[in-house]
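Let me begin by presenting the structure, written as structure tokens, before commenting on it.
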Amino acid sequence: MNREKVLVTDLTKSFGDLLVLDKISFNVAEGEFLVIVGPTGCGKTTFLNSLTKILDIDSGSILLDGVDVDPGKQNLAYILQEYSALPWLNVEQNIAYGLKIKGFNKELVAERVEEAISMVNLEKYRNYYPSELSASMLQRVVIARAFATKPDLLLMDEPYGQLDLNLKYKLEDELLSLWQKTGTTVIFITHNIEEAVYLSDRILVMTNKPTQVKTELINGLPRPRNVASKDFVDLRNQVTDLIKWW
Ligand SMILES: Nc1ncnc2c1ncn2[C@@H]1O[C@H](COP(=O)(O)OP(=O)(O)O)[C@@H](O)[C@H]1O
Ligand SMILES: [Mg+2]
């Protein structure tokens, strides 16, 4: 648990004259669930896009397992806010798709698909198409596709922002259960404080632009967490007080 998985050092990124990330530094331990909270526009998505090399950075470094992160060689899974299951593929094919584009051989694809389908309890729906599934099943397909590749690092960018509350809680619990089962290292982005306290081992609070890490909070609340418990509410209030985004 304490081995360093991700090391970000002095990461700087601007768009023209707009300085977004201003010498950001932090690390993530192997198996850790790190949540990053920050105001809209502070550069959370920019950070993930820098990590996955969708964007070039100005300066600084991002190491994964001790080497410069390389999505071509290392196995990153990225779940976006506008998550999508491919509409022309059924559940089984959607999960296999993530494995195929990573170049897994046929036998391994079949094996991992089975494992992932049963992890998210979609056995009965393996031949269904996205248009035939509920929002929660769709999200399970997306999560199964990510976990099936056994990623070195799972990145999630406000994945549950648009969902109704009950569904959100349910999906968060499923995510935590998969995370605990697999030991995957997760970086989860949100601007929802309650979600951050519910999910995290540690919370990074970001400032407004030009963005730096404002504070880091260890979240030692025992799991499973109760959002109504005094300790939970206290920590949530503590984070809320720290965030003076306005
Ligand atoms: N490709 C781009 N070109 C110019 N400005 C951008 C680009 N992408 C993001 N920005 C700007 O950078 C800032 C950070 O954006 P973003 O990373 O999407 O924030 P967040 O995900 O925290 O809401 C915003 O001010 C946004 O307008
Ligand atoms: Mg964003």
Side-chain angles (χ1 to χ4, degrees), residues 6-28 32-64 68-69 71 76-85 135 138-139 142-143 145-146 151 153-165 167-168 171-172 175 179 184-217 219 236 239-246:
V6 180
L7 179 61
V8 178
T9 309
D10 293 337
L11 172 62
T12 301
K13 171 68 188 172
S14 36
F15 296 103
D17 292 339
L18 181 69
L19 177 58
V20 177
L21 303 177
D22 183 14
K23 290 198 171 181
I24 306 259
S25 298
F26 63 90
N27 62 357
V28 191
E32 188 176 25
F33 200 121
L34 180 78
V35 173
I36 301 178
V37 296
T40 300
C42 80
K44 301 180 296 296
T45 299
T46 299
F47 164 67
L48 291 186
N49 288 340
S50 303
L51 200 157
T52 53
K53 299 275 170 91
I54 292 169
L55 289 171
D56 289 329
I57 62 177
D58 302 348
S59 58
S61 64
I62 306 174
L63 305 187
L64 174 58
D68 259 315
V69 64
L76 304 175
Y78 194 170
I79 298 182
L80 305 166
Q81 185 164 13
E82 312 75 33
Y83 61 80
S84 54
L138 273 176
Q139 179 64 15
V142 173
I143 205 99
R145 187 163 70 193
L153 181 61
L154 175 59
L155 306 170
M156 303 183 76
D157 193 359
E158 311 203 35
Y160 307 138
Q162 318 286 28
L163 303 174
D164 80 67
L165 269 185
L167 179 54
K168 194 160 113 84
L171 292 170
E172 286 172 355
L175 169 65
W179 166 68
T184 306
T185 308
V186 182
I187 299 180
F188 188 105
I189 305 250
T190 182
H191 59 250
N192 181 317
I193 296 165
E194 179 161 278
E195 183 169 49
V197 174
Y198 191 67
L199 294 173
S200 66
D201 286 329
R202 189 157 51 102
I203 302 173
L204 291 189
V205 180
M206 312 308 278
T207 65
N208 266 310
K209 285 189 295 273
T211 302
Q212 300 185 316
V213 179
K214 181 174 185 179
T215 323
E216 192 180 302
L217 278 159
N219 181 352
R236 199 189 67 203
V239 179
T240 307
D241 285 342
L242 275 167
I243 294 172
K244 295 278 185 262
W245 289 332
W246 47 90

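One-based numbering, in listed order, for ligands and for the atoms of each. Residues take their numbers from the sequence shown, with the count starting at 1.
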Counting backbone and side chain alike, does T40 bring an N/O/S atom below 2.8 Å of the Mg ion (ligand 2)?
-> no

Answer with yes or no whether G38 contacts ligand 1, where contact means a heavy atom under 4.0 Å from a ligand atom.
-> no

In sequence, state the C-alpha distance, the side-chain angles, and the governing distance for L76 and L51, and then conclude on side chain to side chain contact (heavy atoms under 4.5 Å, CB included).
-> CA-CA 9 Å; L76 304 175; L51 200 157; 4.1 Å; yes

Report yes if K209 has an N/O atom closer than 3.5 Å to an N/O atom of ligand 1; otherwise report no.
-> yes

With I187, the side chain to side chain contact (heavy atoms under 4.5 Å, CB included) member among D157, I36, V35, L204 | I36

Quick look: N49 vs ligand 1, heavy-atom contacts under 4.0 Å, and the answer is neither

Nearest protein heavy-atom contact for atom 9 (C) of ligand 1: which residue, which atom, what distance?
-> F15 CE1, 3.4 Å

Check each atom of ligand 1 against the heavy atoms of V20 and keep those under 4.0 Å away; list them by number with element.
-> 12 (O), 13 (C), 14 (C)

Should we say atom CG of D68 is surrounded by more than 12 heavy atoms from elsewhere, each under 6.0 Å from it?
-> yes

With the side chain counted from C-beta on, respond yes when T190 and Y198 share a heavy-atom pair under 4.5 Å apart, and no when they do not.
-> no

Counting from 1 in the order shown, the ligand 1 atoms closer than 4.0 Å to a non-hydrogen atom of G43 are 14 (C), 16 (P), 17 (O), 19 (O), 20 (P), 22 (O)

Going by atom types alone, do D58 and T12 pair a side-chain donor with an acceptor below 3.5 Å?
-> no

May I ask you to identify the nearest protein heavy atom to atom 18 (O) of ligand 1, giving residue, atom name and distance to one decimal place in Å?
-> T45 CB, 3.8 Å

Ligand 1 to T40, heavy atom cutoff 4.0 Å, flagged ligand atoms 23 (O)

Atom 27 (O) of ligand 1 sits nearest the protein heavy atom L18 CD2, 4.8 Å

Passing candidate, side chain to side chain contact (heavy atoms under 4.5 Å, CB included) with M206, options T215, V213, I243 = V213

Counting each atom of ligand 1 from 1 as listed, which ones have a heavy atom of T46 under 4.0 Å away?
-> 14 (C), 15 (O), 16 (P), 17 (O)

Give yes if a backbone or side-chain nitrogen or oxygen of G41 is under 3.5 Å from a nitrogen or oxygen of ligand 1, and no if not.
-> yes

Mind checking whether P159 and F188 have side chains closer than 4.5 Å, heavy atoms only?
-> yes

Protein contact for atom 6 (C) of ligand 1 (heavy atom, distance under 4.0 Å) | yes

K53 NZ: over 12 foreign heavy atoms closer than 6.0 Å | yes

Counting only N and O atoms by type, is there a donor-acceptor contact under 3.5 Å from the side chain of N49 to the main-chain atoms of I54?
-> no

